[in-house]
Peer 1: 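Handing you this structure, nothing more for now.
Letters go in sequence order (proteins before strands), and every chain restarts at 1.
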2 protein chains.
Amino acid sequence: MSSDGRADFRPPTLDTVAAAAGVSRATVSRVVNNSAKVSADVRELVDATITRLGYVPNRTARSLAKRRTDSVALVLREADATVLADPYLAAMIIATSRSLVGTGVQLVLVNARDDPEHGTLVDYVRGGHVDGVLLASMHADDPLPRVLVEARVPTVVGGRPERPVPGLAYVDCDNVGGGRLAAEHLVGTGRRRIASIAGPPDMTAAADRLTGYHRGLAHAGLPIGPIAFGDFTRLSGERAMTELLERDPDLDAVFAANDLMAVGALRVLRAAGRRVPEDVAVVGYDDVELASLTEPALTSVHQPVSEQADTMTGLLLRQIGGAAPGDPVLLPVELVHRDSS
Amino acid sequence: MSSDGRADFRPPTLDTVAAAAGVSRATVSRVVNNSAKVSADVRELVDATITRLGYVPNRTARSLAKRRTDSVALVLREADATVLADPYLAAMIIATSRSLVGTGVQLVLVNARDDPEHGTLVDYVRGGHVDGVLLASMHADDPLPRVLVEARVPTVVGGRPERPVPGLAYVDCDNVGGGRLAAEHLVGTGRRRIASIAGPPDMTAAADRLTGYHRGLAHAGLPIGPIAFGDFTRLSGERAMTELLERDPDLDAVFAANDLMAVGALRVLRAAGRRVPEDVAVVGYDDVELASLTEPALTSVHQPVSEQADTMTGLLLRQIGGAAPGDPVLLPVELVHRDSS
DNA sequence: TTCGATGCTGTAAGCGCTTTCATCGATCAC
DNA sequence: GTGATCGATGAAAGCGCTTACAGCATCGAA
């Protein structure tokens with residue numbers, strides 16, 4: 001009665017197949033792995049037995065024997081759900097998943113900030129359940145990349161780490177260039193009192209965009225307008241925009257460090273009776289799908305998410321294969337002009 | 001030279017620790033697993049040795065020995081990126097990830113439609129790299145749930161499967177109720193020529209919403225208005241709305257089976273010179289964040305994503321623990337009234 | 001005929017961990 | 001003092017697979 005529950009069920013193993021086919025385990029293994037040195041008839045026999053028995057190799061056992069799991073972790077370093085709701089991160093997850101298709105490598109999603117102890121993640125990773133780690137959404141003070149490198153875990157970071165870690169590969173988008181692009185665009189369309197909603201200063205992406213934006217203004221000989229900081233959420237964008245309007249009611253443009261905050265700005269501007277783009281031009285960043293759906297549609301700096309994901313997984317897999325980490329990669333961005341500017 | 005690459009690096013094992021501490025492997029294992037029968041001083045000694053050596057247990061080996069991986073797969077059955085861009089799915093991924101935090105169970109993300117052969121996924125899952133499977137975004141003809149149940153893989157489906165599979169647990173939201181809610185709301189606000197943008201008929205969520213919508217209209221004694229089908233993408237929503245306007249230029253309301261399509265409808269309506277909600281009321285479905293960001297903000301049927309994810313993982317973990325699959329769960333939905341209706 | 005290739009196949013030693021079972025003092029009741 | 005009991009530890013047998021290495025025909029060349 002209680003003995004036929006699924007707990008007792010055991011799928012066929014290599015031994016089962018070997019016994020049924022009258023060959024050795026090794027031979028079956030060779031057939032399964034398409035190893036060359038098996039005669040045609042034996043291979044056929046074994047194949048037949050495999051399908052007859054419905055045998056499926058046990059990946060865990062294989063991993064143990066080969067010391068390789070064929071899976072990589074994507075770890076997101078964000079504390080709360082609000083930030084995780086950022087469509088850019090979602091896009092990153094999906095893109096990463098897609099770029100792994102066909103490689104036989106599986107994606108393990110790890111939300112690390114949520115772990116009770118900090119050590120857990122490193123232990124997990126070092127515990128050998130994944131061959132390598134993709135790191136996204138990092139903050140400046142994060143010790144993780146260094147720890148991983150020291151533990152000799154193949155690692156690729158999405159975005160530039162705060163300070164260089166020797167032997168750490170990363171793939172960044174040209175945030176400085178993007179910020180500058182935004183500034184130049186606004187200047188180029190005649191705006192002169194440009195404000196900015198910056199992202200959290202502890203994230204290099206945010207800092208770099210701000211730097212680029214400053215350079216763009218400086219290059220045009222314009223003074224740096226008021227700046228308010230947000231945390232990449234829409235709500236923080238609304239707060240920042242409100243603050244900016246108070247500080248300079250006559251501003252004629254605003255550059256937000258991501259689209260979500262730009263959307264917040266759009267709302268506040270509308271509520272304050274400003275017309276976009278007539279009175280105030282708005283430029284966002286990321287170019288998530290949302291940007292094309294707002295009213296007016298948002299001009300935004302496009303990030304090549306898929307390309308970034310592809311590059312990251314490519315570097316990681318090469319590293320897992322034994323190659324050196326390789327140099328940092330910087331991907332170009334471009335401005336997508338829509339109705340808000 | 002070439003012999004000190006990372007390929008040759010081997011982290012300490014149980015044996016290493018045992019030898020260093022002068023005890024047996026078994027004892028170290030007991031300490032690591034907090035098994036009770038270890039004397040205090042030995043435990044202390046072993047703990048010290050562990051930290052000194054920086055030992056981390058190898059999860060793969062443990063999995064093999066315990067026949068348990070402590071990870072589950074979330075498989076998404078969608079072919080192309082467009083559909084995967086649906087924020088509802090993204091929310092589902094994040095929510096699932098979050099609901100697993102603290103359980104010690106890892107999430108493996110599998111995008112199954114992309115696999116070259118259809119069999120691969122089943123093999124992967126049966127291959128024992130995961131203890132169970134969460135299935136999302138399923139289509140009617142999908143044989144996967146039945147296959148999984150037959151292979152005795154603990155499985156929980158998100159959404160109602162097309163036809164009942166004995167021994168298959170699923171967690172659905174009340175789509176019939178939601179459709180009805182939408183219809184009643186529109187009727188209740190005086191709309192009489194109500195059209196609908198339905199989702200793909202091969203997904204039960206879409207079909208059920210349509211059913212509920214029909215019932216709501218029937219209950220109010222209203223005729224069923226024109227219906228156009230989309231595939232849950234915004235573009236398909238635009239196409240559908242265009243078609244509906246042609247078929248009935250005087251319609252005064254439209255119910256879309258998800259928010260993305262509702263957004264598409266909003267655009268087309270605006271382009272056609274209809275005011276929302278004055279001329280045409282619009283109701284969406286899912287209540288993703290986007291719904292509150294459109295202009296006008298979208299009335300939508302709210303789906304309890306987090307609750308669904310929590311329930312699914314709960315059921316799955318129980319099932320992995322040996323419990324019976326349990327009865328299907330139906331979660332209630334509610335209408336969130338905003339400006340578009 | 002003999003020897004060395006050559007090509008398959010089997011043997012067996014791991015991979016690093018868990019867990020049962022046996023062992024061995026120490027403790028206790030009598 | 002004796003046997004029963006108990007708690008802590010070790011020995012060893014797996015978990016299911018890979019992969020040297022060895023063995024054994026078979027074949028061609030000398």
Peer 1: Under the salt bridge (charged side-chain N to carboxylate O under 4.0 Å, His left out) rule, what pairs show up with a residue in residues 307-320 of chain A, not counting sequence neighbours?
Peer 2: none

Peer 1: Between side-chain atoms of residues 157-166 of chain A and protein atoms elsewhere (two or more places apart, or another chain), which donor-acceptor pairs fall under 3.5 Å?
Peer 2:
unit_1	atom_1	unit_2	atom_2	d
A:R160	NE	A:D208	OD2	3.1
A:R160	NH2	A:D208	OD1	2.9
A:R160	NH2	A:D208	OD2	3.4

Peer 1: Nearest-Å distance, CZ (A:R43) to C1' (C:dG7)?
Peer 2: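 Those two atoms, CZ and C1', are 14 Å apart.
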
Peer 1: Roughly how many Å is it from CZ in A:R68 to P in D:dT18, rounded to a whole number?
Peer 2: 14 Å

Peer 1: To 10°, what angle do the rotation axes through the five end pairs on each side of the helix from C:dT1-D:dA30 to C:dC30-D:dG1 form?
Peer 2: 50°

Peer 1: What does the B/S/- profile of nucleotides 10-22 of chain C look like, 5' to 3', with a 4.0 Å heavy-atom cutoff to protein?
Peer 2: BB-BBBBBBBB--

Peer 1: Excluding sequence neighbours, so at least two apart, what forms side chain to side chain donor-acceptor pair (under 3.5 Å) with A:T96?
Peer 2: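 By the side chain to side chain donor-acceptor pair (under 3.5 Å) rule, A:T96 matches no residue at all.
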
Peer 1: Compare all side-chain heavy atoms of B:S71 with those of A:V108 and state whether any distance is below 4.5 angstrom.
Peer 2: no

Peer 1: Applying side chain to side chain donor-acceptor pair (under 3.5 Å), name anything that partners A:D327, two or more places apart in sequence or on another chain.
Peer 2: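 A:D327 satisfies side chain to side chain donor-acceptor pair (under 3.5 Å) with no other residue.
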
Peer 1: Which residues satisfy the side chain to side chain donor-acceptor pair (under 3.5 Å) test with B:S24, sequence neighbours excluded?
Peer 2: B:T27

Peer 1: Sequence neighbours excluded, which residues qualify as salt bridge (Lys or Arg N to Asp or Glu O under 4.0 Å) partners of B:R25?
Peer 2: B:D15

Peer 1: Mind checking what makes side chain to side chain donor-acceptor pair (under 3.5 Å) contact with B:Y55, not counting sequence neighbours?
Peer 2: none

